[in-house]
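One structure is given below, encoded as structure tokens.
Here is how names work: the chains are called A, B, and so on, in the same order as the sequence lines, proteins then strands, and each is numbered from 1.
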Amino acid sequence: MSSEYNPQTLENAIQKTWDENNTFVVTEDPNKEKFYCLSMFAYPSGNLHMGHVRNYTIGDVISRYQRMLGKNVMQPMGYDAFGLPAENAAIKNKTAPAAWTYSNMDYMTNQFKQLGLAYDWSRKLATCDPKYYKWEQYIFTKLLEKDLVYRKDATVNWDPVDQTVLANEQVIDGRGWRSGALVEKKTIPQWSMKITAYAEELLSEIDSLDGWPESVKTMQRNWIGKSKGIELDFEVENYNEKLSVYTTRPDTLYGVSYLAVAPEHPLASKAVNQNPNLQDFLNDCKKEQSNEAAMATMEKKGMFSGFHAVHPFTGKKVPIWIANFVLFSYGTGAVMAVPAHDERDFEFAKKYNLDIQQVIESHDGTEIDLTQQAYTEKGKLINSGEFDGMNFSQSFKAIKYKLEQEGIGRQQINYRLRDWGVSRQRYWGCPIPIIYCDDCGTVPVPEKDLPVVLPEEVTFDSDGGSPIKKMSEFYNVLCPTCGKKAKRETDTFDTFMDSSWYFARFANPNNDEQVLDETANYWLPVDQYVGGIEHAILHLLYARFYHKLLRDLGYVTSDEPFTNLLTQGMVLKDGAKMSKNKGNTVDPRALIDEYGADTVRLFSMFAAPPEHSLEWSDEGVDGSFRYLKRIWTNIENFTQNNKIIAKIVQDDLTADQKAMRLKTHETIKKVSDDFGVRKIFNTAIAACMELTNALVKFNDDSNNGKSIIHEGWEAIVKMLSPIVPHITQELWHKLGNEGLIVDVKWPTFNEKALVKDELQIMVQVNGKLRAKINVSANADKEIVEKTALGDENVQKFTTGKQIRKVIVVPGRLVNIVVV
RNA sequence: GCCGGGGUGGCGGAACUGGUAGACGCGCCGGAUUCAAAAUCCGGUUUCUUCGGAAGUGCGGGUUCGAUUCCCGCCCUCGGUACCA
């Protein structure tokens, strides 16, 4: 009697076995090679969605594969538990964010277990747990000592109706998402991290990240945006300070026709005093969005400030404008404008009728039409006095030298990267461990008083304002230094602070004595990090930065946190991102109930390569389920009828047996490459399916035949076990084996079984396929060429024509070029 | 706007280093089994075709004996754009 494939019963039983045996709990083992596999931890939104399923299955497959290679694998999971959605849910449901978050985490942990993910749950952590964020606060105070954090004014989105600060996400078309009021910029003091102090290292070490996708590395390089330029000072008439500008194109200095400063620049404030008409313009600028996309696409607007600068070399007077597109936070907050050779300056000059003076010649010396667009390429200088005729690098040096001689300019390396503002005026986050005392100033909370615990029993107002800002019992404290009455900081940390170091804390999540102990250097760096491509810049850059901070604080010895990075694409339905609004979500729970976790895992891995987006298909899930039933039934039938398996002797095999065995070992080779090198699983599954088809078709009752079939099934079961761990565990037993398949060695291919006697060669005439010929595997070029030319169908295309050339690609193809 | 991806049959995708375009799966069509259905199994399935072939990998060019793959210029689409995570 054969048994039915019943995934629910099977999966429950096997998950119970793993649980009872602590199969995935790991400790440091100096005798084994370690492998730390980490999938980006989850935001506890309430339910696992398909994006999670995919992300975590990928990590799980890699973990289980590495374990079969004999490594000591750690795969932990936790929760990125602070954040905005909990506050939104709190306002909506009138519950505290903490209660909502904790219940979501419980529910999701169960879902994780149902998926059969091989996590070491003894290491579970949550960022909203004081046991975790105590150390985040501690690190912050250490960084304050090292002068790596500081307080400065920074801009936020201010909703004037709700009287709250809004996240960029909460600003829709320039209006607050609840109130609908026009959002204003507001400047308040905030804490910043000096990531720019690490800009050079963050940039240069990208080169050492061989296990990262090129696209992510390029994005990070561009984000850091290192540039070499000149900072130079202009004298300003009737203004007692010089105006410094930063430019990467000093070669165009003679083409400067105006300067432009940001609306926040001190010169702009000075200008208002003399010309009140400017006030309206500056007020308008305040209402504009400050995010990068808006800045880049908005209409370029400006007003003449009333001031003139003096060109350092020509002595010419150039007007200074106030312009909405100049960033106060980049460079000096002021630019020199050369409309002839910069698109944006050109657009602005056209609009306001400002001079356009050509100072760069075209490559071939032909006339450039500067009435339609700027000429932005580099070239020889003209109209530039003593610098005429120089190229870019010559003029850069010469102009730099002259500016230095006159003491009005210097070479400057600039980064697009800005320091990281970490203050948030929100409730559900890690409290910033600072106390403000009238006498002692800014005082960090001493270690003995950490953690500063976030009160969890709070009620939320509909305006979305942070409850702790109204809780005197929270913010009224005594100064730790002098003991007088003082005020606690009520802002919380950006949640990126929480997620920038969790990967390290997983080494010792339950250590209440230290941030990190010696186990951190056993496990770190993470060998494989898996997560969404949407984190390519911010999270991954902050985490790299934090790892260097931890290194410089003496906790870790490595320079980079993630050796290999896999960025998975999104899960789509009907071509769009799944979302509740669109009503195109697929609930993993319902699918697991219907098909079992293995089917869901198999489909997630089969439908697309990890890095691509994945189009969800209900029919496709059916197909995956069908495949599992197919191997179940076939192995069941095979093992029922064939008990004795003989040892295979390659030389005794018939041609058909050799061919079958070749397929098995070719598949092992291909799948090993897919798992270990390419990290692509859809093709590995396809190869296993091909092997399955071949085994089903292969009818051979001889002892050798049975052994070859057994070998094939066993290979499939092992190779699929990281992807579908439950069913393969059971099939492993059916094939006559004991124990847990998680600890079985990954299969290896047999070189002898891979030897082919005959090869199939494609024959093309003028690049078009005309024949397929079989030649002996050791046939030389001449024989291959002769066989190709002698082929009947080939001759139909060659007779009566002159053969000009014959290209033979060994083992692959012959191309005959005729005229 | 800028930075980084992606675009191949009816659909998801394969082709790994420039060498058989469409592996594998879904769907569909036909057959077997069944009283019937479900399930299962077997076969077919890019398009056009005068059945010789011809065309074909977002669009337009180029390099090459040969291009999905390399180069140039576009179009569409997705991710990020510093307070969503």
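- Taking atom P on both C26(B) and U20(B), the two are 26 Å apart, rounded to the nearest angstrom.
- Shown here, G10(B) is classed anti by the O4'-C1'-N9-C4 or O4'-C1'-N1-C2 angle, which is more than 90° from 0.
- A distance of about 13 Å separates the C1' atoms of G13(B) and A21(B), rounded to the whole Å.
- Glycosidic conformation at G9(B) (O4'-C1'-N9-C4 for purines, O4'-C1'-N1-C2 for pyrimidines): syn, within 90° of 0.
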Pairing annotation in dot-bracket form, given for RNA chain B with Watson-Crick or G-U pairs under 3.5 Å and | for cross-strand partners: (((((((..(((......[....)))((((((.......))))))(((....)))..(((((..]....))))))))))))....
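- In this structure, the nucleotide among G1(B), C78(B), U20(B) sitting nearest to the side chain of Met570(A) is C78(B).
- In this structure, OG in Ser227(A) is found 13.0 Å from CZ in Arg249(A), a value given to the nearest 0.5 Å.
- For Ile803(A), the side chain to side chain contact (heavy atoms under 4.5 Å, CB included) partners at least two apart in sequence or on another chain are Leu789(A), Val806(A), Ile816(A), Val818(A).
- Nearer the 5' end of RNA chain B, as judged by each residue's closest nucleotide, is the contact made by Met762(A), out of Gln170(A) and Met762(A).
- A donor-acceptor contact under 3.5 Å is formed by the side chain of Arg426(A) with the base of C83(B).
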Short N/O separations, protein against nucleotides 8-11 of chain B, under 3.5 angstrom:
none

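- Judged as a salt bridge (Lys or Arg N to Asp or Glu O under 4.0 Å), and not counting sequence neighbours, the contacts of Lys226(A) are Glu200(A).
- Taking Lys217(A) as the reference, Glu214(A) meet the side-chain hydrogen bond (donor to acceptor under 3.5 Å, both in side chains) condition, with sequence neighbours excluded.
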Where protein sits on nucleotides 40-48 of chain B, one letter per nucleotide: B base, S sugar-phosphate only, - none, heavy atoms under 4.0 Å: SSSS-----
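- U50(B) and G43(B) have their C1' atoms separated by 29 Å, with the value rounded to a whole Å.
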